[in-house]
Amino acid sequence: MKRKYPILFTVILIGLLSACSFSEDDIPVVIDTENSNFIGTIKEINGHRALVYAKIFEGNPEGDVFVDLSVNNTKTFKVGDKIKVEFDGTVLESNPAQIITLSVELIE
């Protein structure tokens, strides 16, 4: 009976460790780019964060990026709005991409 518990503990520990592991493909890549602004269209808004469809920098295909709308508390943004986003130049290539938003302005 006493031998059962160490074996059970080992099996559970191995299971937990394998569930927490990840491959190199899961590690986000940080890219520094000289282009620190882009124009995109808001696809969805959740609180102060928006999912924006845009081409972030030259050579990168268009795709989704999270944008922090709270940096502009003078405007109310809605889905479908075209916006110009300024960021610090660093792109975290996750899915969707993430940036540190410096400013957001509505394009009329």
Side-chain angles (χ1 to χ4, degrees):
M1 186 72 168
K2 287 186 179 213
R3 185 176 172 149
K4 246 178 159 175
Y5 291 114
I7 292 172
L8 180 62
F9 176 76
T10 303
V11 169
I12 291 173
L13 184 62
I14 289 171
L16 288 173
L17 289 175
S18 65
C20 294
S21 69
F22 54 88
S23 69
E24 279 188 32
D25 295 337
D26 297 332
I27 299 172
V29 176
V30 175
I31 295 177
D32 286 320
T33 175
E34 292 178 20
N35 183 13
S36 59
N37 61 64
F38 60 88
I39 294 174
T41 304
I42 297 176
K43 288 176 59 175
E44 74 184 57
I45 298 175
N46 187 5
H48 68 278
R49 288 180 67 178
L51 189 60
V52 176
Y53 184 76
K55 183 171 188 164
I56 301 173
F57 57 90
E58 241 6 86
N60 187 47
E62 292 182 353
D64 294 336
V65 59
F66 279 124
V67 173
D68 182 5
L69 298 177
S70 69
V71 297
N72 184 341
N73 55 12
T74 62
K75 295 283 185 192
T76 302
F77 299 98
K78 62 184 183 304
V79 173
D81 282 348
K82 194 172 185 179
I83 59 174
K84 181 176 181 180
V85 178
E86 183 180 353
F87 64 105
D88 73 346
T90 303
V91 179
L92 185 60
E93 276 200 354
S94 54
N95 191 12
Q98 299 176 57
I99 59 170
I100 296 176
T101 310
L102 301 177
S103 70
V104 179
E105 58 186 76
L106 185 62
I107 296 178
E108 302 292 330

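- Atom-to-atom distance recorded for Ile83:CD1 and Ile42:CD1 is 4.0 Å, nearest 0.5 angstrom.
- With a 4.5 Å cut-off on side-chain heavy atoms, Val85 and Thr101 count as touching.
- The two residues Leu51 and Pro96 have their closest heavy-atom pair at CD1-CG, 3.6 Å.
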Might you work through the side chain to side chain contact (heavy atoms under 4.5 Å, CB included) test for Val65 and Phe38, ending with a clear yes or no?
CA-CA 11 Å; Val65 59; Phe38 60 88; 3.7 Å; yes
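- For residues 63-73, the side-chain hydrogen bond (donor to acceptor under 3.5 Å, both in side chains) pairs, not counting sequence neighbours, are Lys43-Asp64, Asp68-Ser70, Asn72-Thr74.
- Within a 6.0 Å sphere centred on CD1 of Ile100, other residues, nucleotides and ligands contribute 12 heavy atoms or fewer.
- Of all the heavy atoms in Gly40 and Ala54, the pair that sits closest is CA-CB, 3.7 Å.
- Here OG1 of Thr90 is found 12.5 Å from CD of Gln98. Values are rounded to the nearest 0.5 Å.
- Counting only heavy atoms from C-beta outward, the side chains of Phe66 and Ile99 never approach each other to under 4.5 Å.
- Atom CD of residue Glu105 and atom CZ of residue Phe77 lie 8.5 Å apart, to the nearest 0.5 angstrom.
- Taken from CD1 in Ile107 to NZ in Lys84, the straight-line distance is 7.0 Å, to the nearest 0.5 Å.
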